[in-house]
Every structure is written in structure tokens, then in C-alpha cells.
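I have placed the structure first, in the form of C-alpha cells, so that the comments after it can refer back to it.
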Amino acid sequence: MRGKGLTVVIASCIAFAMVASEAFGQARALYQQTQYKGQEIGRLTGEVYYARMDDYVSAFIVTSEGIALVEPIGTEMATWLKAEIAKRFNVPVKYVIYSHSHWDHASGGAVYADTAKFIGQTNLLKNIAMPPASTPLPENVRAMDSNGNGRIEQSEAQGNIKAQFDLYDANHDGVLTGAEIVRGPIANVRAPDITYTDRMDLHIGGKRVEIISRPIAHADDNSLVRFVDGNNVLFASDWITVHRIPFGQITDAETPMVKAVEAMDFEYFLCSHGALGKKADVTANLKYREDLRAAVAQAVAAGQTLEEAQKSVTMDAYKDWEFYDQQRPQNVAGMYRALKK
Ligand SMILES: [Zn+2]
């Protein structure tokens, strides 16, 4: 997820943590925090492993020729994982595949740059490029600009702009322009060496890894990664959540895309966050979206206001899913607005 998921409360505690972990440039506490804690590696199936840092999950395949890894996650995770991989597998990371360009998934790749090539969907280049110098401050940042000069000085920065100031400040001049803020806190995102448009097959150590472009509302540079040749694992970042209510104001526009993913051939499913999944979790995510649409459509047909719909559409069957309290009302709002159009 992009920075907007972070609260000011979290970000303001982080200023201290950032000093402590300056070697990494980005504090682990800035990442989304849930009940999932710790760093670990586990075997999923065949030659495919998952690696976790707290709520964040990456995946990699181990072959005689080396490793192909999805998502560096960040400098701290990459530093830890590189050392663990060297101890356990004794082969280098040959490829790092970006699922999308957001800072909390794509940072830290430079750690692997001595042995790895980096792969991303072609839109990723545009998303990490600096926007035009004339780009104004985004509306939600303008209130910080107390001296009204159209830029954010260190003394003006608040919340996650303050906590991640150095990661936004691409030219290190101590001042953030609208362009730097719109580009995002991506100073630690290394550009890809290899880009592709629709799909690419990566061959490593006699195994094939499919990388498939799937632009979504969350990220137009989004890639699915499917580990085949006896592994049967699908990785899809952020948007198809496992036993967790989807993030934000979703509409029914993405439902057919979730359905298309469900129709693919795989057994194990990894979202970039939270619990490890199986195909049944993708089916459940799809059913949630269909049930949500049906319930909101009923509320709209009954003439309910958005506020009434947020109260009446309780989605009881999903009460035990993570983020039920926070995200269900957001989901209802997104679907309500889409169906009212
Ligand atoms: Zn994201």
C-alpha cells in the first residue's frame, strides 16, 4: 500500500525510530503493522519458499542456477534475507521481480544488485520517474506549507512526509517539491534492468516463472508471478487479500479480474500481506466481492443513503476476517458510489 494507509500517530513515533535505524534508511515501524510479527523463511511447496517481515510476504524459487525473488520489501528485510539465503541455499539471488512500484514492496533492491537483475512491468519506469518540475503540491499536503512557498521544508513536514522525508527528497536538497512528493518515498527503489509489457517467461535452473501484467486500480504496473514446473504457486500483491477484507473503496470493476485469477492454474496463493493462502482463499475473496455487490445493490434499491448502507450492509459471514471493522465501511462506500452512477 502507499503511504496513505499510515496514520499520523504511527508516523510521528517513527521520527525516533528512523534515527535508530539510519543504516537502513527506512524504519521497519513505518511498514503496515498487524498481528503478524517477525522475520522468517518457510518452505511453501517444491522449490518455492515464502519470506516474511511482519505483515509483509515475499516469495522465491531456489534452483541450481540461483534464486528468483519477488519483492525486496525494504533494505532491512533484503539485508536479513540475503544473509539467510546465503547460509541456507548457497546460491545467489539472480533475479528480483517487482510486483509493483510502491515503496513498501519495491524498496531495498540495491542489496541484491551485486548478483541480481531486476524485472518490472514497463509502467514501473513511468511511476518511478520524476514528474514535471511544475507539479504542484498535492492537495492533502498543502496545509503543511505554512510559509506558502509551494514547497515543504523539513520544519513544515508532518506525518509520513516527515517520517520519510529523506526517501521523498530525491535530490537531497532538504526541501520537498510537489514533484518529489507525488513521486513518492521511493529513494530506495532501484530501477528495473528488464521490463516487459504483457507477460514474460523467466527461465532459471530448468524452471519457468511466469510474470504477467495485470494493471489494477491500486497499481498500473502490477505483476502477477506464477511459479510453475511442479510448484503451482501464484503471487499477487496487495489486491487479492487472504482472510482479510480488501483495502479501501473497492468497486465491482475489479471483480472480473479476481475471477480471471481464480481461473488460473495454481494451488498455493500468496498475497504480499498477512496469512499464507491457497486457491480457496482467492475463491473466498471473489465471493466476498460478489456478496458485497449484492448487499449494496439491495441497499441502493431500498433507497438507503450511504450512511444507512454502511450500517445495514454488515457482511456477517465475514466478521472474522482481518480488518473487518476498518475496511468494511470503506468497501461499502466504494461499491455504493459505483452502483449509484
Ligand atoms: Zn501497493
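Counting convention: from 1, in listed order, for ligands and their atoms alike. Values in this document were obtained by computation on a predicted structure and should not be read as measured data.
Exactly one residue among D221, I186, N222, N123 makes a side-chain contact (heavy atoms from CB on, under 4.5 Å) with S101. That residue is D221.
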TODO: Show your working on side chain to side chain contact (heavy atoms under 4.5 Å, CB included) between F266 and F235 and close with a plain yes or no.
DONE: CA-CA 10 Å; F266 64 95; F235 183 99; over 6 Å; no

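When the N, O or S atoms of D238 are ranked by distance to the Zn ion (ligand 1), OD2 comes first. Considering just the N/O/S atoms of H218, the one nearest the Zn ion (ligand 1) carries the name NE2. The Zn ion (ligand 1) is closest to atom ND1 of H102 (considering only N, O or S atoms).
For R199 and D201, the salt-bridge test passes: some basic side-chain N is under 4.0 Å from an acidic carboxylate O.
Among the atoms of D104, none of the N, O or S atoms falls under 2.8 Å from the Zn ion (ligand 1). Among the atoms of H105, no N, O or S atom falls under 2.8 Å of the Zn ion (ligand 1).
A donor and an acceptor atom, one from each side chain of H243 and E322, are nowhere located under 3.5 Å apart. Looking only at atom types and distance, the side chain of E267 has no donor-acceptor partner in the side chain of T45 under 3.5 Å away.
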